[in-house]
Amino acid sequence: MRHDPAESDAPAERFPEALVTVAIIARDAAAHLEPTLASLRAQRFDDFNVVLLDDGSTDATAALAERCAADWPRLRVLRQPPRGIPASRNRILDGARCRYLAILDADDLALPERLATQVAFLERHPDCALCASGYEVFASESPAQVLNRRAERLDRRRLATRLAFRNPVLHSSVMLRVAALRTLGLRYDERYACAEDYELLTRTALVARIDMLPEVLVRYRRHPAQSIARLPDAMRGHHLHAMARLWRDCGVEPSPADLAALAFPKQSARAAALPRLLAHVGQLRAGLAARDLLDAPELRRYARHLALDALRPRRR
């Protein structure tokens, strides 16, 4: 299946043409990189290439990637001083000459049907700018053991409603329609040291169709070096900043304390604040409905959980 290169004319740096480019950003990823690349070599899909950008690694990441590229023509390896994930993904997005850009973290695994399944969906739905998939979680020390599995179909309304509070999407499962992002002017916000994936999703959901497929297409590796483990406070802060912008775009501006309670009710919601928090949810309902992005049952479920968390007795 070939594509029309004119659909995604790219400025400046230009990468080899393919229907799909898989973007991998790697920094000090030597411990897990080989299985990630092996999972791409096992894809049941032919029209793709891989751009691996080494973002200032101090370990053997670049050398390992270059060895893999020597006998795998699909793989192109780039190196740069450390710039961070958002800037690095933007570099690949800017140079991509493909219809679809698939994201894969350097420590995760793509199951063999990943690219074929997502391409087939996006080809059937040309109005869709982004699709994610289900995934399973495994521990680095025991890859055969599945710790968790997330597999559900989220259409644009249900996904947008859920994104108003949390991020249900594993970014390693995302495939982007390059022309749509360029037309809409959507890029990763380079001010975000983490949670840049959630930030992009919240903006995209308001202006374009996004979907989450129920098929499990990616395996997510859990290990201590991940940013979610190393930078929990920064992750929380950036999450709240992105969430606040989505709520403002829907016409609702909770205080920082209320926003934290809405995002993390188990930790922050209190009974005294519940009427105010539920009022915010009601305002959000109107804002999402005005944009045709409301999934009413999803929002009602969230409101019930919020009330239960706020009314739960707290340990002293």
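Remember, it's a predicted structure, so these values are computed and weren't measured experimentally.
- For the 3.5 Å distance criterion, the side chains of S133 and Q118 fail to qualify, holding no donor opposite an acceptor.
- A donor-acceptor pair shorter than 3.5 Å cannot be found between the side chains of Q80 and D54.
- Across all their heavy atoms, Q145 and R219 have their closest contact at O-NH2, 4.2 Å.
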Acceptor/donor pairs from residues 300-307 side chains to any protein atom, 3.5 angstrom cut, sequence neighbours excluded:
{"unit_1": "R301", "atom_1": "NH2", "unit_2": "E298", "atom_2": "OE1", "d": "2.9"}
{"unit_1": "Y302", "atom_1": "OH", "unit_2": "L262", "atom_2": "O", "d": "2.4"}

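- In the hydrophobic clustering of this structure, L109 does not group with F48; members are Ile, Leu, Val, Met, Phe, Trp, Tyr whose side-chain heavy atoms approach within less than 4.5 Å, directly or through other members.
- The side-chain heavy atoms of M175 and L101, taken from C-beta on, include no pair separated by under 4.5 Å.
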Checklist entry - Yes or no on ring-ring contact (aromatic ring centres under 6.0 Å, His included) for H171 and Y188, after CA distance, side-chain angles and deciding distance? => result CA-CA 12 Å; H171 211 60; Y188 292 92; 5.7 Å; yes
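- Between D108 and R221 there is no salt bridge, since no side-chain N of the basic residue sits under 4.0 Å from a carboxylate O of the acidic one.
- In this model, no donor atom of one side chain and acceptor atom of the other lie less than 3.5 Å apart for Y198 and H238.
- Between the CG atom of L122 and the SG atom of C128 there is a distance of 5.0 Å, given to the nearest 0.5 Å.
- Hydrophobic cluster membership is shared by L294 and V252, with clusters built from Ile, Leu, Val, Met, Phe, Trp and Tyr side chains linked at under 4.5 angstrom.
- V146 is not listed as a side-chain neighbour of V137, based on a closest heavy-atom distance of 4.5 Å or more.
- One hydrophobic cluster, built from ILVMFWY side chains closer than 4.5 Å, holds both L293 and L159.
- Contact detail for L104 and S39: the closest heavy-atom pair is CD2-OG, 4.4 Å.
- With rounding to the nearest 0.5 Å, the separation of NE2 in H280 from SG in C250 is 14.0 Å.
- Taking every heavy atom of both residues into account, A205 and L163 meet most closely at CB-CD1, 4.0 Å.
- At least one donor-acceptor pair under 3.5 Å links the side chain of Q43 to the backbone N or O of L115.
- Annotation for I103 and L176: closest pair CD1-CD1, 4.5 Å, computed over non-hydrogen atoms.
- A salt bridge does not link R236 with D233: none of the charged nitrogens is closer than 4.0 Å to a carboxylate oxygen.
- The two residues A65 and L52 have their closest heavy-atom pair at CB-CD2, 4.0 Å.
- By the 4.5 Å heavy-atom criterion applied to side chains, L130 and Y100 are not counted as neighbours.
- When each of R177, R153, R156 is tested with D211 by the rule salt bridge (Lys or Arg N to Asp or Glu O under 4.0 Å), just one qualifies, namely R153.
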Item to check | Audit row: D94, R91, salt bridge (Lys or Arg N to Asp or Glu O under 4.0 Å) steps and yes/no | outcome: CA-CA 5 Å; D94 289 344; R91 179 180 173 185; over 6 Å; no
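- Without hydrogens or angle criteria, S140 side chain to R222 main chain gives no donor-acceptor distance under 3.5 Å.
- Both L259 and V281 are members of a single hydrophobic cluster when ILVMFWY side chains are connected at heavy-atom separations under 4.5 Å.
- Side-chain contact check for L37 versus I24: some heavy-atom pair is nearer than 4.5 Å.
- Remark: D309 CG to S268 OG distance equals 10.5 Å, nearest 0.5 Å.
- For H241, the NE2 atom counts as loosely surrounded, since its 6.0 Å shell holds 12 or fewer non-hydrogen atoms of other residues, nucleotides or ligands.
- Between R89 and I85 there is a side-chain heavy-atom pair separated by less than 4.5 Å.
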Checklist entry - When you look at F264 and L240, which way does the side chain to side chain contact (heavy atoms under 4.5 Å, CB included) test go after all the steps? => result CA-CA 10 Å; F264 309 107; L240 290 173; 3.9 Å; yes
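- Taking the side chain as every heavy atom from C-beta outward, W72 and L40 approach each other to under 4.5 Å.
- Not one N or O on the side chain of T21 forms a donor-acceptor pair closer than 3.5 Å with the backbone of C98.
- Heavy-atom minimum distance, N49 versus A18: ND2-CB, 3.5 Å.
- Between atom OG1 of residue T117 and atom CZ of residue R44 there is a gap of 10.0 Å, rounded to the nearest 0.5 Å.
- Taking 4.0 Å as the cut-off between side-chain N and carboxylate O, R162 and E152 count as a salt-bridged pair.
- In summary, D292 and R209 do not engage in a salt bridge, as defined by a charged side-chain N under 4.0 Å from a carboxylate O.
- A heavy-atom distance below 4.5 Å is not found between the side chains of R166 and M243.
- For residues 25-41, the pairs satisfying salt bridge (charged side-chain N to carboxylate O under 4.0 Å, His left out) are R27-D55, R41-D71, with sequence neighbours left out.
- Using a distance-only test at 3.5 Å, with no hydrogens or angles considered, a donor-acceptor pair links the side chain of T204 to the main chain of L200.
- R270 places no side-chain N or O within 3.5 Å of a backbone atom of A261 that could act as its donor or acceptor partner.
- Identified under the salt bridge (charged side-chain N to carboxylate O under 4.0 Å, His left out) test for residues 247-265, with sequence neighbours left out: D258-R276.
- Taking the ring axis of Y135 as reference, the NZ or CZ atom of R149 does not stay both within 45° of it and closer than 6.0 Å to the ring centre.
- From L278, atom CG reaches atom CZ of R285 across 13.0 Å, with rounding to the nearest 0.5 Å.
- Remark: R191 engages D189 in a salt bridge, criterion side-chain N to carboxylate O under 4.0 Å.
- To the nearest 0.5 Å, atom CD of residue E113 and atom CG of residue L111 are 9.0 Å apart.
- I210 and W247 end up in the same hydrophobic cluster when Ile, Leu, Val, Met, Phe, Trp and Tyr side chains are linked at under 4.5 Å.
- With contacts defined as side-chain heavy-atom distances shorter than 4.5 Å, the pair R187/L181 does not qualify.
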Item to check | Evaluation steps, side chain to side chain contact (heavy atoms under 4.5 Å, CB included), between T161 and L284 | outcome: CA-CA 9 Å; T161 301; L284 177 70; over 6 Å; no
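- Between the D105 side chain and the D107 main chain, no donor and acceptor come within less than 3.5 Å of each other.
- Side chain of S173 to backbone of V218: no donor-acceptor contact under 3.5 angstrom is found.
- For R150, the CZ atom counts as loosely surrounded, since its 6.0 Å shell holds 12 or fewer non-hydrogen atoms of other residues, nucleotides or ligands.
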